[in-house]
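Fair warning: this is a prediction, and the values are worked out from it, not measured in the lab. Sequence positions, counted from 1, serve as the residue numbers for this chain.
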Amino acid sequence: MLHQVLLSLASNCDQEQNLQEAQRRLLQAFKVCRFTPSIWTQPVNSRRPDLYINQLLRCATSMTVGQLQAFLKQQEAEMGRTPDDHAQGIVRIDLDLLQYDDLRYHQRDWDRDYIKQLLAFEE
C-alpha cells in the first residue's frame with residue numbers, strides 16, 4: 001500500500017548544493033514526487049544568522065512511519081549532519097515528516113509563514 005506523505009527540506013549551510021543532493025536522494029527513494037519551488041527564509045530560533053533554503057516534497061511511499069523517519073535521519077547523517085553541527089546551529093540538511101496520509105507531524109511548523117507559503121504552491 002502506498003502512503004501519501006509531505007516532507008519539509010531545509011538547509012542553512014551550502015544551501016543550494018545540499019538541497020540538490022537531498023532532492024536527488026529523495027527522488028531515488030520515493031514515487032510520484034512533486035517538489036514545490038524553493039524559497040529563502042530568515043532563520044527562526046537559530047544560533048546562526050545564515051539564511052535557510054526551504055522546500056516541500058509531496059510523494060508516495062510504502063514505508064511505515066517508523067521506517068520513513070529512520071530513512072530521513074539516515075539521509076541527514078549521510079549528508080553530514082552531526083550533533084556537534086546541531087549544537088552550533090549548522091543545518092546541512094533537515095528532512096522532516098510533516099504529513100503521513102491524514103496524520104500531521106511537527107504541528108508548530110504548520111503555523112510557520114514559510115510552510116504556508118510553500119503549501120500555496122500546491123494549490
Side-chain angles (χ1 to χ4, degrees):
M1 176 178 181
L2 287 180
H3 302 278
Q4 300 303 308
V5 299
L6 179 65
L7 305 177
S8 170
L9 294 73
S11 176
N12 73 353
C13 173
D14 297 324
Q15 296 94 321
E16 291 175 330
Q17 177 183 336
N18 284 325
L19 189 68
Q20 287 175 358
E21 176 61 16
Q23 291 167 345
R24 185 188 69 74
R25 289 167 176 262
L26 295 170
L27 282 169
Q28 290 177 347
F30 300 116
K31 297 176 173 64
V32 195
C33 293
R34 289 189 330 267
F35 288 96
T36 64
S38 58
I39 60 172
W40 291 93
T41 60
Q42 294 293 324
V44 176
N45 300 325
S46 179
R47 296 173 187 212
R48 299 174 58 89
D50 306 284
L51 290 177
Y52 277 78
I53 195 167
N54 296 274
Q55 187 173 49
L56 299 179
L57 167 63
R58 195 162 296 272
C59 58
T61 184
S62 59
M63 292 182 209
T64 65
V65 169
Q67 291 169 333
L68 178 56
Q69 289 175 328
F71 171 79
L72 296 175
K73 293 302 171 205
Q74 177 186 350
Q75 297 309 304
E76 290 175 344
E78 288 179 8
M79 289 184 62
R81 188 162 187 194
T82 65
D84 190 45
D85 280 355
H86 180 71
Q88 296 178 44
I90 298 170
V91 179
R92 295 180 194 287
I93 193 68
D94 185 33
L95 304 172
D96 287 333
L97 173 61
L98 292 181
Q99 189 169 354
Y100 185 92
D101 289 332
D102 293 329
L103 298 174
R104 284 187 170 190
Y105 296 84
H106 294 274
Q107 285 302 127
R108 286 185 318 200
D109 289 352
W110 288 89
D111 293 328
R112 297 191 193 279
D113 287 340
Y114 71 89
I115 295 291
K116 291 176 183 177
Q117 186 178 350
L118 289 170
L119 285 169
F121 285 117
E122 294 192 305
E123 297 174 357

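Linking Ile, Leu, Val, Met, Phe, Trp and Tyr residues whenever their side-chain heavy atoms come within less than 4.5 Å leaves Trp110 and Tyr105 in two separate clusters. A continuous path of Ile, Leu, Val, Met, Phe, Trp and Tyr side chains, each step under 4.5 Å between heavy atoms, connects Leu56 with Ile39, placing both in one hydrophobic cluster. Note on Val44: it does not cluster hydrophobically with Ile53, by side-chain heavy-atom contacts below 4.5 Å among ILVMFWY residues.
Listed by first and then second residue, the side chain to side chain donor-acceptor pair (under 3.5 Å) pairs involving residues 32-43 are Thr41-Asn54 (not counting sequence neighbours). Applying the ring-ring contact (aromatic ring centres under 6.0 Å, His included) definition to pairs two or more places apart or across chains, those involving residues 70-101 are His3-Tyr100, Phe30-Phe71. Within the structure, side chain to side chain donor-acceptor pair (under 3.5 Å) pairs that include any residue of residues 56-74 comprise Arg58-Glu122, Thr64-Gln67, Lys73-Glu76, Gln74-Glu78 (at least two apart or interchain).
Within 6.0 Å of the CZ atom in Arg108, the count of heavy atoms belonging to other residues, nucleotides or ligands does not exceed 12. Within 6.0 Å of CD in Glu16 there are 12 or fewer heavy atoms belonging to other residues, nucleotides or ligands. Heavy-atom neighbours of Asp101 CG from other residues, nucleotides or ligands within 6.0 Å: above the threshold of 12.
Expressed to the nearest 0.5 Å, how far NE2 of His106 lies from CG of Asp111 amounts to 14.0 Å. In this structure, Asp50 CG and Asp14 CG are separated by 10.0 Å, a value rounded to the nearest 0.5 Å. If you take CG on Leu95 and CE on Met79, they are separated by 7.0 Å, rounding to the nearest 0.5 Å. Going from atom CG of Leu7 over to atom CG of Leu68 covers 6.0 Å, rounded to the nearest 0.5 Å. Atom CG of Leu103 sits about 13.0 Å away from atom CG of Leu98, to the nearest 0.5 Å.
Every residue was checked against the side chain to side chain donor-acceptor pair (under 3.5 Å) condition with Asp96, not counting sequence neighbours, and none meets it. Under the rule for a side chain to side chain donor-acceptor pair (under 3.5 Å), the partners of Gln75 that lie at least two apart in sequence or sit in another chain are Arg25.
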Evaluate side-chain contact (heavy atoms from CB on, under 4.5 Å) for Ser11 paired with Leu19, printing each intermediate quantity in order. CA-CA 7 Å; Ser11 176; Leu19 189 68; 5.5 Å; no
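In this structure, Arg47 and Ala87 approach most closely via the heavy-atom pair NH1-O, 2.8 Å. Heavy atoms only, all atoms of each residue included: Ala60 and Gln4 are closest at CB-NE2, 3.7 Å.
Applying the under-4.5 Å side-chain rule to Ile, Leu, Val, Met, Phe, Trp and Tyr, the cluster around Val91 extends to Tyr52.
Taking the side chain as every heavy atom from C-beta outward, Arg81 and Asp94 approach each other to under 4.5 Å. Side-chain contact between Leu72 and Leu9 is absent, with no heavy-atom pair separated by less than 4.5 Å.
A donor-acceptor pair under 3.5 Å is absent between the side-chain atoms of Asp109 and the main chain of Ile115, judged by distance alone. Checking side-chain atoms of Asn12 against main-chain N and O of Gly89 turns up a donor-acceptor pair under 3.5 Å. A donor-acceptor pair under 3.5 Å is formed between the side chain of Gln15 and the backbone N or O of Leu51. Side-chain atoms of Asn18 come within 3.5 Å of backbone atoms of Arg92 as a donor-acceptor pair (strictly under, hydrogens ignored).
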